[in-house]
K.L.:
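Have a look at this one before I ask anything.
Hydrogens, waters and symmetry mates are skipped; everything else that's a heavy atom, side chains included, is used. These numbers come from a predicted model, not from an experiment.
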Amino acid sequence: MVVYEDEDLIAAPRHILWRLLNDHLDDTKILTIHPLIQSQKTVSRTDSEIVVDRVIDVRRKPLKSRWKITHQPPERARWEILESEGPWTTGSYLDVRYEDVPGGTHLHARGDLSIRVLPFFLSQKRTVARVLNDVNTEDLSFIHRYRF
């Protein structure tokens, strides 16, 4: 596993980010936000926790995984991989905290992550950072649809 930490300032109010996070729980809308997710099916849901099965396109191969997503709005969100063919290794997680600041929302992310299907000659640390950066780019692209 790779310890991952990052901080970011998103030029959007926290309630808009939570709208985006809630859209990630919609089995249809997630496919628009992240095109490599081929399908998502909700397995269970409580007030703060949802378990979903996802099929993700990894180098043109559909891989299944089960995710537990925990929301504690407006301060914290977390996802954890419960079962996985890939891309993430079972046990990988990311915890994100949100704080209102002038100009938007401050995010502090921390997790332990590993990519299961990574060729041995590629760096886990650099690839984890690149993949999460790509996911962030997709999120930021989608968030502009909310016209805040």
Side-chain angles (χ1 to χ4, degrees), residues 1-26 29-38 40 42-59 63-146 148:
M1 295 281 198
V2 171
V3 174
Y4 174 84
E5 281 201 66
D6 191 29
E7 294 192 39
D8 200 1
L9 173 64
I10 306 297
R14 191 163 34 168
H15 75 275
I16 294 292
L17 290 179
W18 277 98
R19 184 172 171 190
L20 174 68
L21 291 171
N22 285 323
D23 283 347
H24 279 71
L25 306 180
D26 182 305
K29 204 169 278 186
I30 187 69
L31 309 180
T32 305
I33 300 168
H34 298 296
L36 291 179
I37 297 176
Q38 295 179 334
Q40 175 174 292
T42 299
V43 175
S44 66
R45 184 186 295 258
T46 66
D47 287 342
S48 64
E49 187 176 284
I50 185 170
V51 175
V52 297
D53 285 339
R54 289 180 173 166
V55 176
I56 301 174
D57 178 347
V58 180
R59 295 188 306 271
L63 300 177
K64 298 175 185 175
S65 54
R66 178 164 281 183
W67 299 53
K68 179 173 74 172
I69 302 164
T70 307
H71 283 179
Q72 297 172 339
E75 290 88 20
R76 180 177 175 257
R78 175 186 170 100
W79 57 259
E80 178 182 353
I81 306 301
L82 302 177
E83 301 171 17
S84 182
E85 294 177 347
W88 299 108
T89 302
T90 300
S92 292
Y93 74 90
L94 186 68
D95 191 83
V96 185
R97 300 200 179 269
Y98 304 88
E99 178 185 3
D100 290 324
V101 294
T105 306
H106 177 259
L107 280 69
H108 180 264
R110 187 191 182 294
D112 269 331
L113 303 130
S114 178
I115 298 174
R116 178 181 175 142
V117 294
L118 190 66
F120 73 92
F121 52 85
L122 293 177
S123 161
Q124 279 282 341
K125 186 172 186 162
R126 279 186 290 226
T127 306
V128 163
R130 183 183 55 78
V131 168
L132 291 176
N133 185 59
D134 290 349
V135 167
N136 186 50
T137 299
E138 292 171 355
D139 284 339
L140 291 175
S141 175
F142 192 83
I143 205 169
H144 293 294
R145 297 178 184 201
Y146 301 133
F148 56 95

K.L.:
Step through the shown structure and confirm whether more than 12 heavy atoms of other residues, nucleotides or ligands are within 6.0 Å of CG on N133.
P.N.:
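Enclosed: over 12 neighbouring heavy atoms sit under 6.0 Å from CG of N133.
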
K.L.:
Over 60° means perpendicular and under 30° means parallel, so classify the ring planes of F142 and Y146, tilted if in between.
P.N.:
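Y146 and F142: perpendicular rings.
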
K.L.:
For I10 and L107, run side chain to side chain contact (heavy atoms under 4.5 Å, CB included): C-alpha distance rounded to whole Å, both residues' side-chain angles, the deciding distance at 0.1 Å, then the answer.
P.N.:
CA-CA 8 Å; I10 306 297; L107 280 69; 3.4 Å; yes

K.L.:
Can you measure from CD (Q72) to CD (E49) and round to the nearest 0.5 angstrom?
P.N.:
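Going from the CD atom of Q72 to the CD atom of E49 covers 10.0 Å.
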
K.L.:
What are the two closest heavy atoms between I69 and V52, and how far apart are they?
P.N.:
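Distance-wise, the nearest heavy atoms are CD1-CG2, 4.1 Å.
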
K.L.:
Would you call I33 and R145 a side-chain contact if the rule is heavy atoms closer than 4.5 Å?
P.N.:
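When only atoms from C-beta onward are counted, R145 and I33 do not touch, as no gap falls below 4.5 Å.
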
K.L.:
Measuring from H34:NE2 to Q40:CD, what's the distance to the nearest 0.5 Å?
P.N.:
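Nearest 0.5 Å value for the NE2-CD distance: 10.0 Å.
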
K.L.:
Measure the acute angle between the ring planes of W18 and H71, then classify it against the limits of 30° and 60° as parallel, tilted or perpendicular.
P.N.:
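Because their plane-to-plane angle is over 60°, the rings of W18 and H71 count as perpendicular.
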
K.L.:
Report yes if the side chains of D112 and V2 come closer than 4.5 Å at any heavy-atom pair, otherwise no.
P.N.:
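When only atoms from C-beta onward are counted, V2 and D112 do not touch, as no gap falls below 4.5 Å.
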
K.L.:
Given side chain to side chain contact (heavy atoms under 4.5 Å, CB included), test L25 with R45 step by step and report yes or no.
P.N.:
CA-CA 10 Å; L25 306 180; R45 184 186 295 258; 4.3 Å; yes

K.L.:
Start with the C-alpha gap between L31 and Q38, add the side-chain angles, then the distance that decides, and say whether side chain to side chain contact (heavy atoms under 4.5 Å, CB included) holds.
P.N.:
CA-CA 6 Å; L31 309 180; Q38 295 179 334; 5.9 Å; no

K.L.:
Over all heavy atoms of both residues, which pair between I143 and A12 is shortest? Give the atoms and the distance, please.
P.N.:
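So the minimum-distance heavy-atom pair works out to CD1-CB, 4.1 Å.
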
K.L.:
Which distance, rounded to the nearest 0.5 Å, do you find between the CG of N22 and the NZ of K29?
P.N.:
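Spacing of CG (N22) from NZ (K29) equals 10.0 Å.
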
K.L.:
Less than 4.5 Å apart, any side-chain heavy atom of I56 and any of P87?
P.N.:
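Yes, close enough: below the 4.5 Å cut-off.
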
K.L.:
Kindly confirm or rule out a cation-pi arrangement of R76 over Y98, judged by NZ or CZ under 6.0 Å from the six-membered ring centre and within 45° of its axis?
P.N.:
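No, a cation-pi geometry is absent between R76 and Y98.
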
K.L.:
Checking the side chain of R59 only, and the main-chain atoms of V117 only, is there a donor and an acceptor separated by less than 3.5 Å?
P.N.:
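It does hold such a pair.
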
K.L.:
Considering non-hydrogen atoms only, spot the tightest contact between Y4 and A129 and give its length.
P.N.:
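Answer, listing the atom of Y4 first, then A129: CE1-CA, 4.1 Å.
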
K.L.:
Any side-chain heavy atom of I115 within less than 4.5 Å of one from V131?
P.N.:
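Yes - at least one pair of side-chain heavy atoms lies under 4.5 Å apart.
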
K.L.:
For a 4.5 angstrom cut-off between non-hydrogen side-chain atoms, does E138 reach P35?
P.N.:
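In contact.
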
K.L.:
Could you tell me whether the side chain of K68 reaches within less than 4.5 Å of the side chain of R78, counting heavy atoms only?
P.N.:
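Answer no - side chains too far apart.
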
K.L.:
Tell me if a side-chain donor or acceptor on T89 pairs with a main-chain N or O of S92 at a distance below 3.5 Å.
P.N.:
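A pair under 3.5 Å: no.
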
K.L.:
If you measure from the Lys or Arg side-chain nitrogens to the Asp or Glu carboxylate oxygens, is any gap between D95 and R110 under 4.0 Å?
P.N.:
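A salt bridge is absent here (no side-chain N lies under 4.0 Å from a carboxylate O).
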
K.L.:
Would R54 pass as a cation-pi partner of W67, given that its NZ or CZ must be under 6.0 Å from the six-membered ring centre and within 45 degrees of the axis?
P.N.:
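Ring-cation test returns yes.
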
K.L.:
Please confirm whether the backbone N or O of T137 pairs with a side-chain atom of S141, one donor and one acceptor, at under 3.5 Å?
P.N.:
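Here the side-chain-to-backbone pair does not exist.
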
K.L.:
With a 3.5 Å distance limit and no angle check, can you tell me whether S65 reaches the backbone of E83 through a side-chain donor-acceptor pair?
P.N.:
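Absent.
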
K.L.:
Could you tell me whether a side-chain N or O of R66 sits under 3.5 Å from a main-chain N or O of S84, the two making a donor and an acceptor?
P.N.:
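No, the answer is negative, given that no donor and acceptor are paired below the 3.5 Å cut-off.
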
K.L.:
Can you tell if the side chain of V128 reaches within under 4.5 Å of the side chain of L132, non-hydrogen atoms only?
P.N.:
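Yes. Closest side-chain heavy atoms under 4.5 Å.
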
K.L.:
Can you tell me how far CG of L63 sits from CG of L36, rounded to the nearest 0.5 angstrom?
P.N.:
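Answer rounded to 0.5 Å: 11.0 Å.
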
K.L.:
Between D139 and H24, is there a side-chain donor-acceptor contact under 3.5 Å, judged purely by atom types and distance?
P.N.:
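Looking only at side-chain atoms, D139 and H24 do form a donor-acceptor pair, the distance falling under 3.5 Å.
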
K.L.:
Nearest 0.5 Å, what's the CG-CZ distance between D100 and R14?
P.N.:
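Separation between the atoms: 4.0 Å.
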
K.L.:
Is any NZ, NE, NH1 or NH2 atom of the basic residue among E99 and R97 found under 4.0 Å from an Asp or Glu carboxylate oxygen of the other?
P.N.:
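Looking at R97 together with E99, the answer is no, because their closest N to O distance does not fall below 4.0 Å.
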
K.L.:
Could you walk me through whether T90 and L82 satisfy the side chain to side chain contact (heavy atoms under 4.5 Å, CB included) test, starting with their C-alpha distance in whole Å, then the side-chain angles of each, then the deciding distance to 0.1 Å, before giving a yes or no?
P.N.:
CA-CA 6 Å; T90 300; L82 302 177; 5.9 Å; no

